[in-house]
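To start, the structure under review is shown below, and the notes come after it.
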Protein chains: 4
Amino acid sequence: MGPAMIAEKKKAILESTLKLIKENGFHGTPMSQVAKKAGVAAGTIYHYFDSKDTLIMELFSYTQYMIQAAMQESLREDMDFRENFFLRWISRCQFYIQNPDVLFFIEQFVNSPYFPRCSKEQNEFSQNEIIQFIRLGHQNGILRDLDPKLMSIMIHSSIMTAAKVHLDGKFSLAEKEFKQLAQMIWDSIRKL
Amino acid sequence: MGPAMIAEKKKAILESTLKLIKENGFHGTPMSQVAKKAGVAAGTIYHYFDSKDTLIMELFSYTQYMIQAAMQESLREDMDFRENFFLRWISRCQFYIQNPDVLFFIEQFVNSPYFPRCSKEQNEFSQNEIIQFIRLGHQNGILRDLDPKLMSIMIHSSIMTAAKVHLDGKFSLAEKEFKQLAQMIWDSIRKL
Amino acid sequence: MGPAMIAEKKKAILESTLKLIKENGFHGTPMSQVAKKAGVAAGTIYHYFDSKDTLIMELFSYTQYMIQAAMQESLREDMDFRENFFLRWISRCQFYIQNPDVLFFIEQFVNSPYFPRCSKEQNEFSQNEIIQFIRLGHQNGILRDLDPKLMSIMIHSSIMTAAKVHLDGKFSLAEKEFKQLAQMIWDSIRKL
Amino acid sequence: MGPAMIAEKKKAILESTLKLIKENGFHGTPMSQVAKKAGVAAGTIYHYFDSKDTLIMELFSYTQYMIQAAMQESLREDMDFRENFFLRWISRCQFYIQNPDVLFFIEQFVNSPYFPRCSKEQNEFSQNEIIQFIRLGHQNGILRDLDPKLMSIMIHSSIMTAAKVHLDGKFSLAEKEFKQLAQMIWDSIRKL
DNA sequence: AATGAATGAGGTTTCATTCAT
DNA sequence: CATGAATGAAACCTCATTCAT
């Protein structure tokens with residue numbers, strides 16, 4: 001079930017949690033606040049989620065679906081591999097910039113004790129599309145000889161880091177800088 | 001005051017907190033457990049730290065000093081720029097691998113609401129040495145034309161990501177892989 | 001909102017606090033004991049009061065309402081000024097004797113750092129009725145020329161002191177002694 | 001042993017406690033703060049006092065001695081009974097005004113659970129001189145027929161109340177008002 | 001005598017969760 | 001389904017007191 005089919009209230013709870021965790025961290029986000037922001041009673045949350053842990057675990061799935069959905073929109077088939085890579089790198093970076101709550105939630109989540117409890121599928125779900133793309137690059141002899149999963153992790157890390165830098169406000173990245181960064185990453189993965 | 005001069009008990013508290021946060025996160029690390037692991041009474045912690053927040057903020061400083069100290073040891077002057085970069089990249093990666101508590105604490109810290117409360121000096125402290133090194137590369141026309149701070153953040157992100165991948169146990173990186181990764185990052189920052 | 005409309009549990013908490021503070025002082029009245037005596041869980045207190053301080057501040061308001069309500073009952077219009085004064089003096093004194101918790105709480109409260117935090121209205125609320133009465137006495141040329149607020153404070157002090165003496169058990173004041181004391185105060189405020 | 005013979009440090013501790021209790025109440029006056037203000041180590045307090053309770057009990061004795069000493073200075077024998085009363089009433093009121101710490105400490109103390117633990121002598125000590133004076137007034141047929149202890153308590157209460165009003169800043173009492181108030185109390189105790 | 005780091009019981013408060021309505 | 005008052009375990013923190021120096 002994708003986000004489109006999620007009950008109105010359940011979605012409100014997820015979105016509220018997302019925002020609150022970005023602002024206050026796991027630590028500073030009590031269920032009572034989630035309820036308030038979502039406009040539901042505290043008890044209502046427990047109709048949709050067994051516990052706070054469950055809510056957070058499902059929120060991770062929810063963000064992974066969001067990302068995947070957003071990425072599928074931006075794909076186009078009528079370009080060469082390099083152009084495709086640039087499009088993907090920049091699209092994903094812009095997705096995080098437009099959804100900073102998602103970015104900061106994921107960063108907190110993957111570094112928390114929650115993450116190891118995810119199933120393998122869960123935690124690779126939103127990466128699969130990148131991995132497939134890398135495999136294609138390998139088959140065509142374009143990319144360096146490095147495990148696709150590892151390559152995907154390194155790429156993804158560069159995307160999130162760039163988005164965080166931009167959101168921090170320290171370096172406001174314009175199109176030029178995005179291209180520069182994508183170029184850097186491209187040069188790091190392609191065969192020279 | 002560097003870590004070397006920190007009172008025995010204060011250090012025990014810092015180290016215990018570091019380990020517990022790695023294992024259980026901020027959330028799952030009550031002061032009572034810190035006290036227990038450090039072998040002191042709960043109240044003693046408050047002799048050294050005003051509050052849990054203060055403890056965590058100081059722990060970040062403490063890790064930055066550790067990193068800086070470790071890095072200074074590994075520096076050598078008798079090599080060219082490229083070799084120097086490889087040495088630095090791999091040394092720092094190995095430091096994190098040998099100190100996973102530090103790595104996971106920092107990852108949690110920089111993505112939490114604590115981080116924005118650090119002074120500018122604090123949060124750039126352990127990066128200064130990399131930034132200086134990048135400036136040198138710019139002066140010698142070796143590196144791409146990109147803001148040194150931004151470049152340093154991207155490099156550091158690659159280091160932490162590699163270390164995390166190794167520690168996750170998914171990909172056990174041997175010397176060959178470290179060199180491969182360092183080569184990738186090198187190709188992303190140097191002028192081609 | 002007067003005490004009559006206060007939720008059952010809120011009232012139980014206020015009354016329990018009142019009794020415990022009389023017996024053990026602010027200091028010796030932990031929230032856990034309040035909860036126990038009120039028959040609620042510790043956390044429930046925080047449903048009704050933000051903090052212990054808030055509870056104590058509201059308890060003061062609560063006592064002021066109690067006093068005002070009790071005093072309004074005892075007023076009669078069919079008597080001359082002097083008789084009216086006696087009735088009021090003795091009624092209030094008897095109120096404190098019948099409600100020693102209120103008396104001792106107020107004495108502790110007004111001499112504590114809490115009192116200066118009351119609004120002007122709060123801390124004069126239960127005195128207003130006396131002040132009005134004194135103004136009437138001034139208009140009719142019966143009372144000495146002294147600021148009504150000051151006079152009211154002096155009168156109220158005499159009432160509380162008399163009640164405390166009686167409750168101490170050192171001097172059990174019977175009707176005769178109450179009249180004697182009221183007479184003394186009367187002679188101190190009237191024009192001779 | 002009067003205050004004159006108290007060891008320097010012991011006195012510093014008593015005086016510091018007095019000031020802190022006035023400002024923050026019993027509740028808000030930890031031993032650590034007392035130590036700091038007195039310029040001694042926390043442990044040192046326990047050389048002079050068995051416990052915090054003991055410190056507070058002794059502080060009450062200390063204030064009683066202070067009052068008695070101050071009152072003895074102000075007495076003069078060359079005046080009639082009424083003048084003598086005025087002098088005493090006003091002197092004591094002014095003592096409290098000049099020593100607000102003493103006033104507020106005593107008010108808090110006598111309404112706290114500490115007070116009932118005082119010996120009879122302790123808690124009547126500073127009143128004895130007033131009581132003797134009242135007895136003299138009875139023998140000479142000047143005063144109303146009321147138990148001297150009760151009369152003394154009522155008088156003392158009027159003094160403290162007047163001093164508190166003045167210190168509150170609500171009514172700044174000048175000589176005229178002090179005389180007016182003393183006159184009121186005089187009219188309440190003398191035979192009319 | 002004096003120190004102050006250390007203690008740990010116990011204080012206030014929070015918050016995930018339940019359940020009667 | 002939804003509510004939100006109520007719960008109580010457990011969190012953070014305080015502070016009277018001790019004791020090695």
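Here the structure is a predicted model, which means the values were calculated and not measured.
One atom, CZ of D:Phe26, and another, P of F:dA16, lie 13 Å apart when rounded to the nearest Å. Rounded to whole angstrom, the span from the CD1 atom of C:Ile45 across to the C1' atom of E:dG11 amounts to 12 Å. Distance, C:Phe49 CZ to E:dT12 C1': 15 Å, rounded to whole Å. The distance between atom NZ of B:Lys10 and atom P of E:dA5, rounded to the nearest whole Å, is 12 Å. As rounded to whole Å, 7 Å separates atom P of E:dT12 from atom CE of C:Met31. When rounded to the nearest whole Å, the span between NZ of D:Lys36 and C1' of E:dT3 equals 16 Å. The distance between atom CD of D:Gln33 and atom P of F:dC15, rounded to the nearest whole Å, is 8 Å.
Where B:His27 and D:His27 meet DNA chain F, the nucleotide closest to each residue was compared, and B:His27 sits on the side nearer the 5' end. Looking at which nucleotide of DNA chain F each of D:Asp50 and A:Ala41 is closest to, the 5′-most match is held by A:Ala41.
The listed nucleotides are F:dA11, E:dT17, F:dT17; the one nearest the side chain of B:Pro30 is F:dA11. Closest approach to the C:Tyr48 side chain among F:dA6, F:dG4, E:dT3 is made by F:dA6 (side chain taken as heavy atoms from C-beta onward).
Qualifying side chain to side chain donor-acceptor pair (under 3.5 Å) partners for A:Tyr46, counting only residues two or more places apart in sequence or in other chains: none. Every residue was checked against the ring-ring contact (aromatic ring centres under 6.0 Å, His included) condition with D:Tyr48, not counting sequence neighbours, and none meets it. Residues satisfying the side chain to side chain donor-acceptor pair (under 3.5 Å) criterion with A:Asp168, sequence neighbours excluded, are A:Lys170. In this structure, the side chain to side chain contact (heavy atoms under 4.5 Å, CB included) partners of D:Asp53, at least two apart in sequence or on a different chain, are D:Ser51, D:Tyr114, D:Arg117. By the side chain to side chain donor-acceptor pair (under 3.5 Å) test, A:Ser61 pairs with A:Gln122, sequence neighbours left out. Take B:Lys164 and apply the salt bridge (charged side-chain N to carboxylate O under 4.0 Å, His left out) test, not counting sequence neighbours, and it matches B:Glu107. Take D:Phe109 and apply the ring-ring contact (aromatic ring centres under 6.0 Å, His included) test, not counting sequence neighbours, and it matches D:Phe60, D:Phe105.
With salt bridges taken as basic N to acidic carboxylate O contacts below 4.0 Å, none links B:Lys37 and B:Glu15.
The shortest heavy-atom contact between D:Ala38 and D:Ala12 is CB-O, 3.7 Å. Of all heavy-atom pairs spanning D:Lys52 and D:Phe26, the tightest one is NZ-O, 3.6 Å. The shortest non-hydrogen separation linking A:Pro116 to A:Pro113 is CD-O, 3.3 Å. Residues D:Val110 and D:Phe115 come closest through the heavy atom pair O-CD2, 3.5 Å. The two residues C:Gln108 and C:Ile21 have their closest heavy-atom pair at NE2-O, 3.2 Å.
For the segment residues 13-20 of chain C, no residue has any heavy atom less than 4.0 angstrom from an atom of DNA chain E. For DNA chain E, the neighbouring residues in residues 52-61 of chain A, judged by any heavy atom under 4.0 Å, are A:Lys52.
Applying the 4.0 Å criterion to OP1 and OP2 of E:dT7, one finds that B:Thr44 has a side-chain N or O inside that range. In this structure, D:Lys9 reaches the E:dA2 phosphate: one of its side-chain N or O atoms is under 4.0 Å from OP1 or OP2.
Between the base of E:dA1 and the side chain of D:His47 there is no donor-acceptor pair shorter than 3.5 Å.
Counting only Watson-Crick or G-U wobble pairs whose defining distances are both under 3.5 Å, the stems of 3 or more consecutive pairs in DNA chain F are E:2-21 with F:2-21.
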Could you write out each protein N or O paired with an N or O of nucleotides 19-21 of chain F at a distance under 3.5 Å?
none

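Applying the side-chain hydrogen bond (donor to acceptor under 3.5 Å, both in side chains) rule to pairs touching residues 21-36 of chain B yields nothing, sequence neighbours excluded.
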